[in-house]
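Presented below is the structure to which this report refers.
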Protein chains: 2
Amino acid sequence: MNNPLATEVLEQSVLPGRKEQILSAAARLFRKKGFPSTTVRMIASELGMEAASLYNHMASKQELLKNLLFPVATAFTRGMEKIMAGKGSPVEKLEKLVLLHVELAMKHPDAVALILGEWIHLEEPDLQAFIRMRTEYENSFKKILEQGMNSGLLHHADPDLAVFSILSTLHALPNRLSRHPGISAEKLKSELVKSLLHGLVRN
Amino acid sequence: MNNPLATEVLEQSVLPGRKEQILSAAARLFRKKGFPSTTVRMIASELGMEAASLYNHMASKQELLKNLLFPVATAFTRGMEKIMAGKGSPVEKLEKLVLLHVELAMKHPDAVALILGEWIHLEEPDLQAFIRMRTEYENSFKKILEQGMNSGLLHHADPDLAVFSILSTLHALPNRLSRHPGISAEKLKSELVKSLLHGLVRN
DNA sequence: GTCTATATGTCGATAGAC
DNA sequence: GTCTATCGACATATAGAC
């Protein structure tokens with residue numbers, strides 16, 4: 001990881017410093033209004049300061065986006081590595097992946113929400129780096145699905161389409177959480193596993 | 001419908017006039033770069049003209065977004081009404097809904113892609129009107145799911161979460177199509193039905 | 001209907017006082 | 001570390017010639 005702030009941001013210390021406050025406000029605004037429509041004046045206003053003062057804590061607005069997206073992407077990558085290296089059947093690994101998405105979405109709803117659409121506003125070379133991380137994550141996901149299909153635990157289906165289908169839902173989780181708050185991670189995970197893995201139609 | 005262009009746009013005449021060319025270029029750019037980051041100069045440039053000339057065919061950039069989003073929303077609403085009024089079991093209706101999303105995503109990938117995230121850039125009162133249409137669509141979707149659960153055709157599950165899960169995937173369909181082109185609508189629909197309705201895990 | 005020229009506003013970012 | 005003041009770039013949209 002090329003960003004020393006990553007763990008700091010995601011572990012969200014109890015007494016956030018100015019940098020953490022700025023990132024938090026930026027995440028909320030980027031999510032609500034989109035990155036290009038969010039002005040540095042808005043971010044400053046959320047913290048009761050002037051726009052110029054922000055530049056004592058950051059280099060640019062673009063840096064804020066980068067420092068939100070990469071810690072999230074790294075957290076997903078680390079989670080995937082841990083799950084792939086661990087024991088368990090492919091089905092159990094898929095359940096762990098669902099839980100990973102649920103937990104990160106609950107812990108950092110605004111930052112996680114940005115991976116749905118705001119990553120397109122990254123500038124090079126960060127944009128390519130981000131896409132690369134996403135592709136690797138999807139490939140790992142597909143590998144687990146293929147293992148499940150080859151071992152007979154899962155029905156045979158187009159693995160690319162299955163990855164797309166499951167990840168489309170998991171990426172949208174922050175939207176779901178903001179509309180229906182107060183659900184537990186375990187409950188949400190088990191409902192998602194039912195819907196995503198076991199299907200709705202009765203046999 | 002308050003917009004006389006709607007059917008015209010979605011039916012995409014074989015010899016598109018200037019207005020249709022502008023909407024088509026705008027949709028492609030709004031999708032690729034986002035609405036706020038797309039400039040009217042870019043749209044004009046795609047058609048080999050100057051930005052000022054665009055204003056002979058439109059009132060504002062905002063109007064372009066509106067004239068792309070509402071025809072799409074209306075097409076989904078009309079499709080839903082037709083399916084709900086028709087015959088068939090809840091499961092068959094769900095399959096028809098999947099096909100509706102597949103066909104609209106294939107016919108108008110750029111415009112349909114905008115309903116994923118760009119609708120937030122609508123201005124009032126259009127924003128409220130759009131959200132209302134979306135909520136009604138989701139309620140109809142939920143009603144069909146509940147009918148399936150009550151009649152024993154579907155497993156009992158949280159209907160709100162099921163709607164969220166299925167629609168998250170269907171809304172992302174344009175992304176899937178741009179990455180894996182060349183698939184037939186019927187093939188894509190049947191794979192999605194397998195993945196979304198029947199589940200992956202073998203019993 | 002398209003052009004050049006421009007009005008008007010806001011953006012991200014910097015300079016320099018305190 | 002926060003402020004006021006401001007720069008230069010670029011945005012949407014308009015005016016008016018052709």
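Below, read A as the first sequence line, B as the second, and so on, with proteins coming before strands; counting in each chain starts at 1. Not measured: the values here are computed from a predicted model.
When the shell of 6.0 Å around NZ of K33(B) is examined, it contains 12 or fewer heavy atoms from other residues, nucleotides or ligands.
E20(A) places no side-chain N or O within 3.5 Å of a backbone atom of L15(A) that could act as its donor or acceptor partner. Side-chain atoms of S190(B) come within 3.5 Å of backbone N or O of K187(B) as a donor-acceptor pair.
Between R18(B) and T38(A), the residue anchored closer to the 5' end of DNA chain C is R18(B), taking for each the nucleotide with the nearest heavy atom. Judged by closest nucleotide on DNA chain D, G48(A) is the one of G48(A) and R41(A) placed further toward the 5' end.
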Stepwise side-chain contact (heavy atoms from CB on, under 4.5 Å) check, L104(A) with L100(A): CA-CA 6 Å; L104(A) 283 174; L100(A) 172 67; 3.9 Å; yes
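Taking atom CG on L47(A) and atom P on dG1(D), their separation rounds to 14 Å, with Å as the unit. Rounding to whole angstrom units, CD of residue E50(A) and P of dA13(C) are separated by 17 Å. Remark: P of dA15(C) and CG of L54(A) are 17 Å apart, rounded to the nearest angstrom. Taking atom CE of M58(B) as the reference point, atom C1' of dA13(D) lies 9 Å away to the nearest angstrom. Computed from coordinates, the L65(A) CG to dG12(C) P distance equals 13 Å when rounded to whole Å. Rounded to whole angstrom, the span from the CD1 atom of I22(B) across to the C1' atom of dG1(C) amounts to 11 Å. One interatomic measurement links the two molecules: NZ of K33(A) to P of dC11(C), which rounds to 10 Å at whole-angstrom precision.
Among dC11(C), dA11(D), dC3(D), the nucleotide with an atom closest to any side-chain atom of T39(A) is dC11(C). Residue S60(A) has its side chain nearest to dA13(C) when only dA13(C), dC3(D), dT4(C) are considered. Here the nucleotide nearest the side chain of A52(A), chosen from dA5(D), dT6(D), dA13(D), is dA5(D). When each of dA13(D), dA13(C), dT4(D) is scored by its nearest atom to the side-chain atoms of K61(B), the top-ranked nucleotide is dA13(D). Each of dC11(C), dA13(D), dT4(D) was ranked by its minimum atom distance to the side chain of Y55(B); first place goes to dA13(D).
OP1 and OP2 of dG1(C) both lie 4.0 Å or more from every side-chain N or O belonging to S53(B).
In this structure, F30(B) has its ring center at least 6.0 angstrom away from the ring center of H121(B).
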